[in-house]
Amino acid sequence: MKLIPILLLFTSLSTFAQINLTGNLIDSDGAPIAFANVVLLDVEEGTFKYGTSTDEKGNFSFPKVAAGDYNFNASFVGYATLSRKLTLDKDTALNNLVLETDAAQLDAVTLIAKKPIIDRKADRIIFNVENTSLSTGNASQILQSTPGVFEMNGTYTVKGSTAQVYINNKRVFLSDEELQQLLRGYNGDNVKSVEVIYNPPARYDADGGAVINIITSKNVSLGYKGSVTGNYEIDTFAKYQIGTSHFYKNNWLNIYGNYNYNPRKDLTRQESQVGFFNSDGTRDSRWFTDVEAVNRSDAHALNSIIDIRLDKKNSLSFMGYLGLNNGRELDSEVNTSILPQNGTSFSGFDTNSNVDQDYASGNANLAWNSVLNENGGNLNVEATYIFTDNDNTQDFSSRFFDNTQTTTGTNSFRTTGFQKANIFTGKVDYEDLLGSYTFSSGLKYTNISNKSNQDFFDTDMGAVLDPSLSDVYDYDERIYAAYTQVSRDWEKWALTGGLRLEQTQVEGNSESLGLVNKQDYIGFFPNVALSHTLNDSNELSLSYKRSIDRSWFRRFESFQ
């Protein structure tokens with residue numbers, strides 16, 4: 001079962017020269033274009049390799065890029081994307097690259113009234129997209145246009161690391177595939193702004209790095225509005241997506257609901273060649289690997305937001321999501337041929353894998369907000385419930401052959417398993433002005449309960465259960481957190497700093513090993529961000545944050 005990932009890992013292990021690529025972007029009038037996204041893509045597969053954003057002067061830099069051929073793309077809202085092919089074999093400078101105005105986008109901007117506006121804070125940038133040309137798309141397209149945000153195979157990254165995604169300051173506990181399903185069905189009309197938080201303050205969980213926080217807008221006009229959308233793709237296999245969104249508002253109620261259906265059949269083909277060398281530098285052998293995988297899925301997604309105005313100072317809000325992907329299948333075939341140095345015939349092995357999965361996940365959040373005074377002081381109390389239910393079966397077989405193509409051995413097995421996880425969080429947040437400072441503090445409790453099971457059957461000589469490779473595993477985690485945060489803006493200075501305290505209690509129980517592992521520890525997680533504006537084109541910033549890498553419950557899933 002681990003053979004395929006190992007082979008795929010080998011294909012990416014090569015030694016390349018390290019190249020420094022620099023440059024700058026300007027418009028047709030010679031003015032620098034700040035916060036534009038610049039990416040390097042694999043020239044053959046078009047996949048994401050490196051990404052960065054221009055600074056206030058329009059400069060960008062890619063340090064330590066592997067030598068090779070790339071497609072270079074530079075883009076920003078309101079401008080046509082600049083694309084060119086690059087061959088990097090030495091340090092390269094691309095100076096004064098011009099982005100031309102996109103007439104089509106400008107027409108849309110004229111109709112809708114304005115282009116997106118970027119606000120820069122000490123610890124984040126805020127991409128304001130409400131009532132702009134981007135509102136005609138979906139949330140996924142908005143994120144891909146957001147400065148500093150890059151999408152790579154369904155994962156969103158900021159400054160080279162995976163970012164946590166929040167909606168209205170509420171963390172989204174979804175897989176990459178589920179998140180893409182949600183964002184594609186999320187109408188751009190319902191997005192007010194996107195906050196790219198490089199140095200998350202203490203109110204955010206201590207695990208992880210940067211945060212992408214999607215702030216939804218409130219339906220301005222009274223009454224009902226609805227839409228139906230569809231998307232059809234022609235690829236090796238045709239695929240489509242249909243969805244419907246509905247808005248309703250009166251004087252005390254605001255409702256948004258969306259349903260999205262996305263059946264897919266995706267084909268992946270990969271060819272690779274890996275060379276193995278002896279300790280003296282001579283070549284030992286070459287491995288030629290062909291991979292073909294077909295992934296079938298039938299995904300449904302339903303999400304909603306409900307805001308209820310109780311009186312002038314108090315309101316309730318509800319956010320919910322339900323995702324279903326039953327009958328998912330992943331069929332893969334890997335053929336590996338091994339040619340010894342100076343050899344003329346191949347040995348090797350073939351592997352086949354079939355995975356069937358039924359998957360469901362959902363979450364519900366209920367929050368109460370109370371305005372305490374005219375200075376913007378408020379108290380927020382909320383509770384969130386999250387669940388996942390995953391059942392899967394995998395059949396795996398392999399055949400080994402010598403250089404005469406004669407079978408020398410076989411191996412096959414079947415695994416069946418399930419994972420059921422439940423997460424509950426409760427939190428209280430308080431925010432107010434203390435003189436010229438914004439002060440916030442809060443408490444949070446998180447309980448994670450995960451139960452997973454795997455049965456391993458050796459099917460070479462019949463279906464024989466192997467207890468040593470089977471297990472029932474229970475995992476429980478409780479996190480008690482408290483935080484405080486202070487921030488202030490001056491004319492040219494901005495400061496924010498805080499401290500988060502977390503006590504974590506973990507218990508893991510492996511029935512097959514008869515082993516119970518317990519941990520109980522306290523962590524302190526400070527953060528600080530300081531910025532100084534020198535002039536309209538230059539700014540100095542300094543930030544520090546301590547975080548933790550937790551064994552989040554999805555890491556226990558056997559297939560995702």
Ring pair (Phe, Tyr, Trp, His ring centres under 6.0 Å) with Tyr240: which residues, sequence neighbours excluded? none
Looking at the rings of Tyr256 and Phe247, which for Trp means the six-membered one, are their centres under 6.0 Å apart? yes
All ring pair (Phe, Tyr, Trp, His ring centres under 6.0 Å) counterparts of Phe457, not counting sequence neighbours: none
Salt bridge or not between Glu130 and Lys192? Use side-chain N to carboxylate O under 4.0 Å. no
Which heavy atom of Phe318 sits nearest a heavy atom of Ala364, and at what distance? CE1-CB, 4.0 Å
Partner residues of Thr384 under the side chain to side chain contact (heavy atoms under 4.5 Å, CB included) criterion, sequence neighbours left out: Asn365, Glu382, Ile386, Thr425
Quick one: list whatever passes side-chain hydrogen bond (donor to acceptor under 3.5 Å, both in side chains) with Lys444, sequence neighbours left out. Asp205
Could you walk me through whether Asp455 and Thr415 satisfy the side chain to side chain contact (heavy atoms under 4.5 Å, CB included) test, starting with their C-alpha distance in whole Å, then the side-chain angles of each, then the deciding distance to 0.1 Å, before giving a yes or no? CA-CA 6 Å; Asp455 291 327; Thr415 60; over 6 Å; no
Report the C-alpha separation of Tyr385 and Asn422 in whole Å, then their side-chain angles, then the decisive distance to 0.1 Å, and conclude whether the side chain to side chain contact (heavy atoms under 4.5 Å, CB included) test is met. CA-CA 7 Å; Tyr385 171 69; Asn422 294 278; 2.5 Å; yes
Do Met319 and Ser304 have side-chain heavy atoms sitting under 4.5 Å apart? no
Yes or no on ring-ring contact (aromatic ring centres under 6.0 Å, His included) for Tyr50 and Phe72, after CA distance, side-chain angles and deciding distance? CA-CA 10 Å; Tyr50 305 93; Phe72 172 92; over 10 Å; no
Between Phe413 and Phe456, ring centroids under 6.0 Å: yes
Of all residues at least two apart in sequence or in a different chain, which pass the side chain to side chain contact (heavy atoms under 4.5 Å, CB included) check with Phe237? Lys265, Leu267, Val294
Salt bridge (Lys or Arg N to Asp or Glu O under 4.0 Å) partners for Asp331, two or more places apart: Arg296
Output field: ring centroids Tyr248/Tyr224 closer than 6.0 Å: no
List for me each residue that meets side chain to side chain contact (heavy atoms under 4.5 Å, CB included) alongside Ala206, sequence neighbours excluded, and say none if there are none. Arg500, Glu502, Phe525, Ile548
How are the rings of Phe76 and Tyr79 set relative to one another: parallel (under 30°), tilted (30 to 60°) or perpendicular (over 60°)? tilted
Listed by chain and number, what are the side chain to side chain contact (heavy atoms under 4.5 Å, CB included) partners of Thr87, not counting sequence neighbours? Asp69
Not counting sequence neighbours, which residues clear side-chain hydrogen bond (donor to acceptor under 3.5 Å, both in side chains) with Gln241? List them please. Asn260
Glu271, CD: over 12 other non-hydrogen atoms inside 6.0 angstrom: no
Reported CZ-to-CG distance for the pair Phe150 and Asn37, which is rounded to 0.5 angstrom: 4.5 Å
Shortest non-hydrogen contact from Ser297 toward Arg328: CB-CG, 4.3 Å
Can Asp307 and Arg309 be counted as an ion pair, charged N to O under 4.0 angstrom? no
Taking salt bridge (Lys or Arg N to Asp or Glu O under 4.0 Å) as the test, write out the residues that go with Glu333, two or more places apart. none
side-chain hydrogen bond (donor to acceptor under 3.5 Å, both in side chains) filter on Arg264, not counting sequence neighbours, yields Asp266
Please list, chain by chain and in numerical order, all residues satisfying side-chain hydrogen bond (donor to acceptor under 3.5 Å, both in side chains) with Ser140, sequence neighbours excluded. Gln144, Tyr156
